[in-house]
Amino acid sequence: MTTDDQLAKRYERIHGQLKDLLTKTSNTTARMSTIAALLHHKFSSFFWTGFYLLENGDLIVGPYQGPLACQILERDKGVCWAGIREKKSIVVPNIHEFPGHIACDSRSNSEIVIPLPDKKNNPRGVLDVDSQKLNAFSEIDKKWLEKIVLLI
Ligand code: SME
């Protein structure tokens, strides 16, 4: 069992590790790949960990770890698009209850989406994490993943 306190301390360590790792290049693909790989391998409950990026009005998959994912997400449908539209993080305890959810892999049961703000605070994409567990993500995940995407 991980307590909230233990989880927050883990994220604090991972955030520090990422800050050290992300000193080599300003290339966003390299930075996103590093974030996806570290998070995915640190948290055993993360089943799919990666980015969807806005390109000419479409959400296209970016660097990720985990099973094969959809390359393009149908417009204005699902959790990632909701994060873009609402410009806020979305925690979905049970994806089967989220209207329009896009299931790239039927083994996912819960999900968190964190928008990536550009310089004008408009979303340029999202960090998306899926879990096979129901209710895998809490306010602590939300708070720390929001901090982590600012490192990109
Ligand atoms: N479930 C997401 C699609 C991306 S996959 O989870 C990797 C959605 O509903 O937007």
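First listed ligand is number 1; within each ligand, the first listed atom is number 1. Position 1 is the first residue of the sequence; numbering continues from there.
For the ring-ring contact (aromatic ring centres under 6.0 Å, His included) test with W48, the passing option among F51, Y52, F46 is Y52; the others fail.
The distance criterion of under 3.5 Å between nitrogen or oxygen atoms is not met by A69 with respect to ligand 1. Below 3.5 Å of separation, one finds an N or O of D128 facing an N or O of ligand 1. Between W81 and ligand 1, not a single N/O pair is under 3.5 Å apart. Checked against a 3.5 angstrom limit, the closest N/O atoms of H101 and ligand 1 fall inside it.
Put simply, the side chain of H40 never gets that close to the backbone of A36: no donor and acceptor are under 3.5 Å apart. For the pair D58 (side chain) and I60 (backbone), a donor-acceptor distance under 3.5 Å is absent. A donor-acceptor contact shorter than 3.5 Å is absent between the side chain of R75 and the backbone of W81. At least one donor-acceptor pair under 3.5 Å links the side chain of Y64 to the backbone N or O of A69.
Among all non-hydrogen protein atoms, the one lying nearest atom 1 (N) of ligand 1 is I102 O, 2.7 Å. The protein heavy atom nearest to atom 2 (C) of ligand 1 is E111 OE2, 3.1 Å. Here the heavy atom of the protein found nearest to atom 10 (O) of ligand 1 is C80 N, 2.9 Å. Looking only at heavy atoms of the protein, atom 8 (C) of ligand 1 is closest to V79 N, 3.3 Å.
For CD of Q71, the number of neighbouring non-hydrogen atoms (other residues, nucleotides, ligands) closer than 6.0 Å is 12 at most. Atom CG of L68 has 12 or fewer neighbouring heavy atoms from other residues, nucleotides or ligands inside a 6.0 Å radius.
Remark: the S138 side chain and the D141 side chain contain an N/O donor-acceptor pair separated by less than 3.5 Å.
Contacts of D130 with ligand 1, taken as heavy-atom pairs under 4.0 Å, involve the side chain alone. Under 4.0 angstrom from ligand 1, there are no non-hydrogen atoms of I95.
Taking a cut-off of under 4.0 Å to the non-hydrogen atoms of C104, the atoms of ligand 1 that pass are 3 (C), 4 (C), 5 (S), 7 (C).
Distances from atom 7 (C) of ligand 1 to the heavy atoms of W48, Y64, F98, F51 put W48 nearest.
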